Participant: 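Take a look at this one; I'll ask things after.
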Amino acid sequence: MFKFIFTLFAFLVINQSHASSPLQNQLQSNPSPYLALHGADPVAWQEWNEAILDRAKVEKKLIFLSIGYFSCHWCHVMQRESYQDSDVAQWLNEHFIPVKIDRELEEALDARMISFAEKTQGRAGWPLNVFVTPEGYPLYAALYLPRNNFLQLITKLQGLWLNDTPGMMALAREDSATESLLRSHQWSNDSAAQLVESLTNDALGRADQVQGGFGEQTKFPSTPQLDFLLDSYHRQPSAELHNFLTTTLDQMAALGLRDHIGGGFFRYTTDPDWHTPHFEKMLYDNAQLARVYLRAADVLQRPDYREVVSDSLRFMQRELLTDEGAMVGSLSAVDDSNIEGGYYLWSREELNKILNDDENSIVEKAWLGKSAASFDAGYLPVWQQGSATQKDLSENDLRLLDSARLKMLKRRQQDRKLPVDDKLLAGWNGLALSAFSLAAKANGSPEFRKTADSIANYISGTLMQSGKLVRAYKSGKPVGQASLADYAYVAEGFWDYYQLTGNSEDMATAQSMLNAGWEQFYSPNGWRLGSMAGIQSGGRQGIIADGPQSSPSSVLLNISYKLAQQTGDKELQKKVKQALGYDALSLDSNAFWYATQVRVIGEVFLGGE
């Protein structure tokens, strides 16, 4: 595979082929908001199904699989630069079979291609563009490319494919792994403790001790790793771990990752100092971060973090909750005027119109000083000091600031519009159900309890059909196929909801989702994420890595073990321990990316709270 990548960029061969029976763009009025955005592209986008492979075999063409999502900024940029360009579209239509994928509806397919990109390019993300052979093997992956670079790539690749189709197909097959039975490592208390200690030290070695978080360029919330480190600190407190966790959580809450006017968190920041966000807001980020801050409030003895939780959950209620009772998937980074972040940015001229002098003064002092991130469309309010509560402000200052915030929020809601991906996704609503259930139990909030009830009712009444989940609902219709993540997160959501309600029916729902998850996605060969409609899978996995969300296989194992403990199901406990031992060698050098799996191993073999 690496030899192919070198070859691809070492040669420039441009050949033309004769396209047969020209394709037409199929995405107009597609139920997926992301796919519908591409319905007017001159590219003849096809919807994904196994018939695509049949056509590719007949026409002897590569499939161009382009994966993105509604709130992805660079996906929109590549659409504007390349997919709406007539020359690029003509080349794609004549020489490839172009397919557009909404990653939120094809989670298993997306995960397979992410894995392929990471393996062959050393990085992954969206837009993710993968060229696939007619046999269903991924051949080459590329992320965002400017128009000229992209056109050069597809002409090079087409030349190589025409000159040596058998060789290219053989190279693609090299990536496919042969499934074999997995051996299960027998964890002991000692080996589990060593693993937990090893991951703790590894995470601290990767940590930014000054600004918090991990990495030296972009900064993501890394909630699976933070969840693990909170458990690690709870089990064995240390000053170093305490300082890192509080620094990270304070910076995320105080600076540009968080929306200080309307609440909630953006997906990540483009700088290591947490100032400049990518402005999309995802349901899964906000649900997971609410849980992290709720747990941190207790573990780190920081009751002020509970306000961060309430702030985020109120944002979710106000801007994500639908009349149907469930929550939409995301809010776009680009506003209705096609300005990135425009919905969240302020000019001083606009603030002068809506705020009085005292309010303007405190907004300038607290939010728009030297630390404020400046964009072409205005300033993003961030705290000028680095704490979540700003205790140094007087009570009068805080009252003025809250008055200003409410005026800014009202103006934003009245005068600005933000595109919404209004798919109601099963797994992401499972995460939201968990967040609202835990918060309602922690503070007795009837408001949060009501939202938990509505999400639970929607999942059980609409997204569950004959004991199985559908991936999502859009415009009253089911869309996509449920994945392992859907079953795992919904099971976790109902388990946490059961802790709130004490209703045995809610525990039974969690158990039903767990049973279905085991049955559909697990075997002695390992886990599979879901259906990929003809794409060669590369084999099952003994452990599924964390991504922006916790590993679904690890979540399913965690809730299964908790259920087995409560019910006294010894066979299920044994099954969980056996599955936790599969592919244990992967944890030796890569444990950071399997934090949820290590967390579950720690809870099972070292005891939870």
Side-chain angles (χ1 to χ4, degrees), residues 1 4-5 8-9 27 30 32-35 37-38 41 43 45-48 52 62-84 88 92 96-133 136-147 149-154 157 172 175-176 218 220 267-268 270 278 280 282 284 329-330 332-333 421 425 480 483 485 529-538 544-549 593:
M1 181 57 64
F4 167 66
I5 294 171
L8 177 60
F9 285 98
L27 302 185
N30 191 281
S32 160
Y34 172 67
L35 297 184
L37 283 174
H38 289 269
D41 292 352
V43 177
W45 294 117
Q46 304 296 291
E47 295 184 67
W48 176 245
I52 295 296
L62 288 172
I63 299 164
F64 174 62
L65 204 63
S66 179
I67 305 174
Y69 59 102
F70 182 82
S71 58
C72 168
H73 170 69
W74 288 104
C75 298
H76 297 311
V77 173
M78 194 160 184
Q79 177 188 21
R80 184 173 64 250
E81 293 178 347
S82 293
Y83 303 143
Q84 294 178 347
V88 172
L92 284 174
F96 300 88
I97 297 179
V99 178
K100 177 57 72 172
I101 299 289
D102 183 339
R103 73 159 177 123
E104 295 168 1
L105 293 179
E106 298 285 351
E107 191 167 30
L109 176 61
D110 176 60
R112 169 71 175 106
M113 296 307 163
I114 286 287
S115 176
F116 175 77
E118 289 174 339
K119 177 179 178 181
T120 58
Q121 299 285 6
R123 63 194 184 100
W126 301 276
L128 176 59
N129 304 297
V130 184
F131 299 87
V132 177
T133 70
Y137 293 97
L139 177 65
Y140 184 78
L143 305 182
Y144 164 78
L145 289 172
R147 181 261 185 199
N149 300 69
F150 181 64
L151 186 58
Q152 183 182 46
L153 170 63
I154 59 179
L157 184 57
D175 179 65
S176 181
T218 56
F220 288 84
R267 195 163 75 89
Y268 68 100
T270 60
H278 250 212
E280 59 263 54
M282 313 300 294
Y284 66 75
S330 64
S332 176
D421 186 336
L425 293 151
S483 67
L529 283 167
S531 172
M532 286 184 275
I535 292 293
Q536 302 299 322
S537 69
I544 296 174
D546 292 315
Q549 302 157 60
W593 306 109

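Position 1 is the first residue of the sequence; numbering continues from there. Small disclaimer: the values here were computed from a predicted structure and weren't measured.
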Participant: Please check: side-chain N/O of Thr120 versus main-chain N/O of Phe116, any donor-acceptor pairing under 3.5 Å?
Facilitator: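 Checking the backbone N and O of Phe116 against the side chain of Thr120, a donor-acceptor pair under 3.5 Å is found.
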Participant: We want to know whether Gln121 and Tyr140 form a side-chain donor-acceptor pair, criterion being a heavy-atom distance below 3.5 angstrom.
Facilitator: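 A pair is found: one side chain offers a donor N or O, the other an acceptor, under 3.5 Å apart.
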Participant: Any sub-3.5 Å donor-acceptor pair from Asp102's side-chain atoms to Glu104's backbone N or O?
Facilitator: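 Yes, the answer is positive, given that a donor and an acceptor are paired below the 3.5 Å cut-off.
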Participant: List for me each residue that meets ring pair (Phe, Tyr, Trp, His ring centres under 6.0 Å) alongside Phe70, sequence neighbours excluded, and say none if there are none.
Facilitator: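 Counting only residues at least two positions away or on another chain, Phe70 forms no ring pair (Phe, Tyr, Trp, His ring centres under 6.0 Å).
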Participant: Can you name the nearest heavy-atom pair linking Leu65 to Leu109, along with the distance?
Facilitator: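 Minimum heavy-atom separation between Leu65 and Leu109: CD2-CD1, 4.2 Å.
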Participant: In terms of ring plane angle, is the pair Trp45 and His38 parallel, tilted or perpendicular, where the classes change at 30° and 60°?
Facilitator: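 The rings of Trp45 and His38 stand perpendicular, inter-plane angle above 60°.
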Participant: Taking all heavy atoms of Leu35 and all of Ile101, pick out the closest pair and write down the distance.
Facilitator: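 What the structure gives for the nearest pair is CD2-C, 3.9 Å.
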Participant: Test Leu128 against Ile114 for side-chain contact (heavy atoms from CB on, under 4.5 Å), laying out the working first.
Facilitator: CA-CA 8 Å; Leu128 176 59; Ile114 286 287; 3.8 Å; yes
Participant: Considering residues at least two apart in sequence or located in another chain, which fulfil the ring pair (Phe, Tyr, Trp, His ring centres under 6.0 Å) criterion with Trp593?
Facilitator: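 None.
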Participant: Not counting sequence neighbours, which residues clear ring pair (Phe, Tyr, Trp, His ring centres under 6.0 Å) with Phe64? List them please.
Facilitator: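 Phe131, Phe150.
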Participant: Does any part of the side chain of Tyr268, heavy atoms only, come nearer than 4.5 Å to the side chain of Met282, both counted from C-beta?
Facilitator: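 No, their side chains stay 4.5 Å or more apart.
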Participant: Looking only at heavy atoms, which two atoms of Leu62 and Thr133 are closest? And how far apart?
Facilitator: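 It is CD2-CA, 3.9 Å.
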Participant: Of all residues at least two apart in sequence or in a different chain, which pass the salt bridge (Lys or Arg N to Asp or Glu O under 4.0 Å) check with Glu106?
Facilitator: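 Residues passing salt bridge (Lys or Arg N to Asp or Glu O under 4.0 Å) with Glu106: none at all.
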Participant: Taking atom types as modelled, find out whether Ser71 and Glu280 have a side-chain donor-acceptor pair closer than 3.5 angstrom.
Facilitator: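 No, no side-chain donor-acceptor pair sits under 3.5 Å.
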Participant: Would Leu145 and Leu151 count as a side-chain contact (heavy atoms from CB on, under 4.5 Å) here? Give the steps.
Facilitator: CA-CA 9 Å; Leu145 289 172; Leu151 186 58; over 6 Å; no
Participant: Quick one: pull up CZ in Phe96 and CD1 in Ile154 and give me the separation to the nearest 0.5 Å.
Facilitator: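 Going from CZ on Phe96 over to CD1 on Ile154, the span is 6.0 Å.
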Participant: Of all residues at least two apart in sequence or in a different chain, which pass the ring pair (Phe, Tyr, Trp, His ring centres under 6.0 Å) check with His73?
Facilitator: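 Residues passing ring pair (Phe, Tyr, Trp, His ring centres under 6.0 Å) with His73: His278.
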Participant: Over all heavy atoms of both residues, which pair between Pro138 and Met113 is shortest? Give the atoms and the distance, please.
Facilitator: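 Where Pro138 meets Met113 most closely, the heavy atoms are CB-SD, 4.0 Å.
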Participant: Between Ser66 and Asn129, does a side-chain contact (heavy atoms from CB on, under 4.5 Å) hold up when you go through it step by step?
Facilitator: CA-CA 4 Å; Ser66 179; Asn129 304 297; 2.9 Å; yes
Participant: Between Leu529 and Ser483, is any pair of side-chain heavy atoms under 4.5 Å apart?
Facilitator: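 No, their side chains stay 4.5 Å or more apart.
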Participant: Between OH of Tyr34 and OG of Ser330, what distance do you get to the nearest 0.5 Å?
Facilitator: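 If I round to the nearest 0.5 Å, the distance is 12.0 Å.
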Participant: Could you walk me through whether Glu81 and Tyr144 satisfy the side chain to side chain donor-acceptor pair (under 3.5 Å) test, starting with their C-alpha distance in whole Å, then the side-chain angles of each, then the deciding distance to 0.1 Å, before giving a yes or no?
Facilitator: CA-CA 10 Å; Glu81 293 178 347; Tyr144 164 78; 2.7 Å; yes
Participant: Carefully, step by step, assess Met78 and Trp126 under the rule side-chain contact (heavy atoms from CB on, under 4.5 Å).
Facilitator: CA-CA 10 Å; Met78 194 160 184; Trp126 301 276; over 6 Å; no
Participant: How close do Leu425 and Gly329 get, heavy atom to heavy atom, and via which atoms?
Facilitator: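 Heavy atoms of Leu425 and Gly329 come nearest at CD1-CA, 4.3 Å.
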Participant: Does any non-hydrogen side-chain atom of Leu27 lie less than 4.5 Å from one of Glu47?
Facilitator: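 With C-beta onward as the side chain, the pair touches.
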Participant: Measure the CG-CD1 distance between Leu139 and Ile63 for me, rounded to the nearest 0.5 Å.
Facilitator: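 Nearest 0.5 Å value for the CG-CD1 distance: 11.0 Å.
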Participant: Looking only at non-hydrogen atoms, find the nearest pair between Ile52 and Ile97 and report the distance.
Facilitator: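 In this case the closest contact between Ile52 and Ile97 is CG2-CG2, 4.0 Å.
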Participant: Just verifying a value: how many Å separate Leu92 CG and Ser82 OG, rounded to the nearest 0.5 Å?
Facilitator: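 The CG atom of Leu92 sits 8.5 Å away from the OG atom of Ser82.
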Participant: Who are the side-chain contact (heavy atoms from CB on, under 4.5 Å) partners of Ala545, not counting sequence neighbours?
Facilitator: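 side-chain contact (heavy atoms from CB on, under 4.5 Å) list for Ala545, sorted by chain: Tyr594.
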Participant: Strictly by modelled atom types, are Tyr83 and Lys100 linked by a side-chain donor-acceptor pair under 3.5 Å?
Facilitator: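 The answer is no; no qualifying pair exists.
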